[in-house]
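As C-alpha cells, the structure follows; a few thoughts come after it.
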Protein chains: 2
Amino acid sequence: MGRPSKALLDLDRITSTALELVDEHGDFSIPQIAKRLGVQTASVYHHVEGRAGIIELLRARLTADIDPAGLELRPWDRAMEAWALSYRAAFAAHPRAVPLLMMAQVAAPEALAHYERAVELLLAVGFPEPVVMPLITALDNLVLGSAIDLAAPESMWAPAPDGSTPLLARALDAVPDGRRADAGFAFALEGFLAHARRTLAEAG
Amino acid sequence: MGRPSKALLDLDRITSTALELVDEHGDFSIPQIAKRLGVQTASVYHHVEGRAGIIELLRARLTADIDPAGLELRPWDRAMEAWALSYRAAFAAHPRAVPLLMMAQVAAPEALAHYERAVELLLAVGFPEPVVMPLITALDNLVLGSAIDLAAPESMWAPAPDGSTPLLARALDAVPDGRRADAGFAFALEGFLAHARRTLAEAG
DNA sequence: ACCTGAACACCGTTCAAGT
DNA sequence: ACCTGAACACCGTTCAAGT
C-alpha cells in the first residue's frame with residue numbers, strides 16, 4: 001500500500017482509542033489500538049514513542065482538565081482547595097487510567113508549571129520556604145491516594161463474606177454507596193487545610 | 001526428569017525472587033523467576049496461581065511487616081498514628097513494589113482484619129458510625145499516596161532544566177534531600193489527626 | 001512522511017508426558 | 001505431587017520495502 005494521500009492516524013485518535021480501551025478493560029495494547037483504527041500495529045509507531053509515549057499522551061489528556069484558574073482564587077487556602085478538587089476530578093473521570101499513570105515516570109512540563117504556581121502562592125502568603133515542599137507533597141499524596149482509591153474496585157472494601165468483619169460491614173453500610181471515596185477525600189482535605197492555616201499562623 | 005525427590009521450588013523462594021527482581025528492575029516476570037531458580041517457567045505454575053498469585057504473595061510479604069500492636073496503643077490517636085507509620089514503613093522498604101500492588105485487586109483477609117480492628121477502635125472512642133469509613137479511607141489514601149511518592153523517582157520533582165520553575169527549584173533546595181517525601185507525609189498525618197480530634201470533640 | 005508485512009525477543013498460561 | 005518440553009496466543013519493538 002505505501003503512504004496514503006491522507007494520513008490514517010493522528011495523536012488525537014490514538015489517545016482517544018487508548019483511553020477507550022483503558023476505560024473498558026483497565027489497560028490497552030498497541031495491537032488493540034491498531035485494530036480499532038483499522039491499521040497495522042507498526043503504523044502506530046510512526047506517530048508515537050512506543051507504549052510509554054501513549055501513556056504520556058493519556059497523562060496530558062487527563063491533566064488538561066485541571067483548571068488552572070483554581071490556583072488564582074483568593075484567599076490562598078481556597079486556591080489550594082480548588083486546585084486539589086480539580087486535580088482529583090480530572091483523575092476521577094477515568095479512574096482506571098490512574099494505575100497506568102502511576103507506573104510511569106512523569107515527563108510533562110505542564111505539570112511542573114502548576115507546581116511552580118503553587119510554590120509562588122504559598123511563599124507570597126508567608127509560608128517559610130522549608131515548609132513549602134512538604135506542604136505541596138502532602139496535598140499531592142492526598143490527591144493521588146484518593147485517585148487510586150477511585151480506581152480500586154469498591155469490592156476491595158467489601159467485608160469478608162465469612163462475617164469475620166462485622167463492624168467493618170456496618171461502618172460501610174453507614175456511608176452511602178459510592179460516597180465513601182469522596183467523603184474520605186473531603187475529610188483528608190479539610191484536615192490538610194486546617195493544618196496549613198495553623199502552620200501559617202504560627203509562622204507569621 | 002519428572003518429579004524430583006525433594007521439591008525444587010517453594011512459595012518462599014518464589015516470593016523472595018520476585019521481590020528481588022522488583023527491587024532491582026521495578027517489575028518481575030515468571031520466566032525471570034524460573035531462570036534465577038534454575039527451573040522451567042512451567043514449574044512455577046505448580047506452586048502459584050499465575051502472575052496475580054505472585055503479586056498477592058508480594059502483598060502478603062510486605063504487609064506482614066505492619067505492626068498490629070500499633071492499633072492497640074492508647075489514646076486512640078496515638079494508635080492511628082502508629083498504624084499509619086507502620087503501614088507506610090512496610091511499603092517504604094520496597095517502594096518499587098507499590099505500583100504493582102496498586103494495579104491488582106486486594107484479596108488478603110489479613111488486611112481486612114486490620115481495618116476491622118480500626119473500626120472497632122474508632123467506634124469505642126465515640127466516633128459516629130457514618131464518620132468512621134470516611135476517616136479510615138482518608139488515612140488509607142494518605143498512606144498509599146505517600147507510598148507512590150516513595151516509588152516515584154525523585155527526579156519527578158526535579159525542576160525543569162530550562163529554569164522555567166525557579167521558585168520550585170529553591171523550595172526543593174530548602175528541604176534536605178530525600179526528606180521531602182517523609183516531611184510531606186508527616187504534615188498530612190498531623191493534619192489528619194488534628195482534624196480527627198476536632199471531629200470527635202464536636203461529636204462527643 | 002506514513003503505511004505494510006515480516007521478523008525478533010519476550011510474555012502469561014496450558015497440557016501431556018515423565019517420575 | 002512436581003518437573004520438563006512443547007505449544008498457543010499475545011505483547012512491544014524494529015526494519016526493509018513500498019508510495
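Numbers restart at 1 for each chain; the letters A, B, ... are given by sequence-line order, proteins then strands.
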**Report entry** Any side-chain donor near an acceptor of the partner, Arg198(B) and His195(B), under 3.5 Å
**Finding:** yes
Query - dT13(D): pairing nucleotide in any strand, Watson-Crick or G-U under 3.5 angstrom - result: dA7(C)
Query raised in the report: For dA1(C), which nucleotide in any strand shown is its Watson-Crick or wobble partner with both distances under 3.5 Å?
Result: dT19(D)
Starting at [atom1] of [X] and ending at [atom2] of [N], how long is that distance when rounded to a whole Å?
| X | N | atom1 | atom2 | answer |
| --- | --- | --- | --- | --- |
| Leu11(A) | dA1(C) | CG | C1' | 14 Å |
| Leu8(B) | dC2(D) | CG | C1' | 8 Å |
| Ile30(A) | dC11(C) | CD1 | P | 17 Å |
| Glu49(A) | dG12(D) | CD | P | 16 Å |
| Leu9(A) | dC3(C) | CG | C1' | 9 Å |
| Asp27(B) | dC11(D) | CG | P | 17 Å |

Test item: [X] side-chain N/O and [Y] main-chain N/O as donor-acceptor pair under 3.5 Å:
| X | Y | value |
| --- | --- | --- |
| Glu129(A) | Leu123(A) | no |
| Arg96(A) | Leu21(A) | no |
| Arg36(A) | Ala18(A) | no |
| Thr15(B) | Leu11(B) | yes |
| Arg78(A) | Arg74(A) | yes |

Is atom [atom1] of [X] surrounded by more than 12 heavy atoms (other residues, nucleotides or ligands) closer than 6.0 Å?
| X | atom1 | value |
| --- | --- | --- |
| Glu72(B) | CD | yes |
| Glu20(B) | CD | yes |
| Arg170(A) | CZ | no |

**Report entry** Qualifying residue for side chain to side chain contact (heavy atoms under 4.5 Å, CB included) with Asp140(A), from Leu142(A), Val143(A), Leu144(A), Thr137(A)
**Finding:** Leu144(A)
Requested in this report: Let me know which of Leu73(B), Leu193(B), Leu189(B) forms a side chain to side chain contact (heavy atoms under 4.5 Å, CB included) with Met80(B).
Outcome: Leu193(B)
Dump every N/O contact between nucleotides 16-19 of chain D and the protein below 3.5 Å, one line per pair.
unit_1  : atom_1 : unit_2  : atom_2 : d
dG18(D) : N2     : Arg3(A) : N      : 2.5
dT19(D) : O2     : Arg3(A) : N      : 3.4

Report summary line: Per the under-4.0 Å heavy-atom filter, residues of residues 37-44 of chain A near DNA chain D come out as Thr41(A), Ala42(A)
Requested in this report: Answer yes or no: does a side-chain N or O of His47(A) lie under 4.0 Å from OP1 or OP2 of dA1(C)?
Outcome: no
Please tabulate the protein-to-nucleotide N/O contacts below 3.5 Å involving nucleotides 8-10 of chain D, giving atom names and distances.
none

Report task. Looking only at side-chain atoms of Tyr45(A), point me to the closest of dC3(C), dG12(D), dG12(C). Result -> dG12(D)
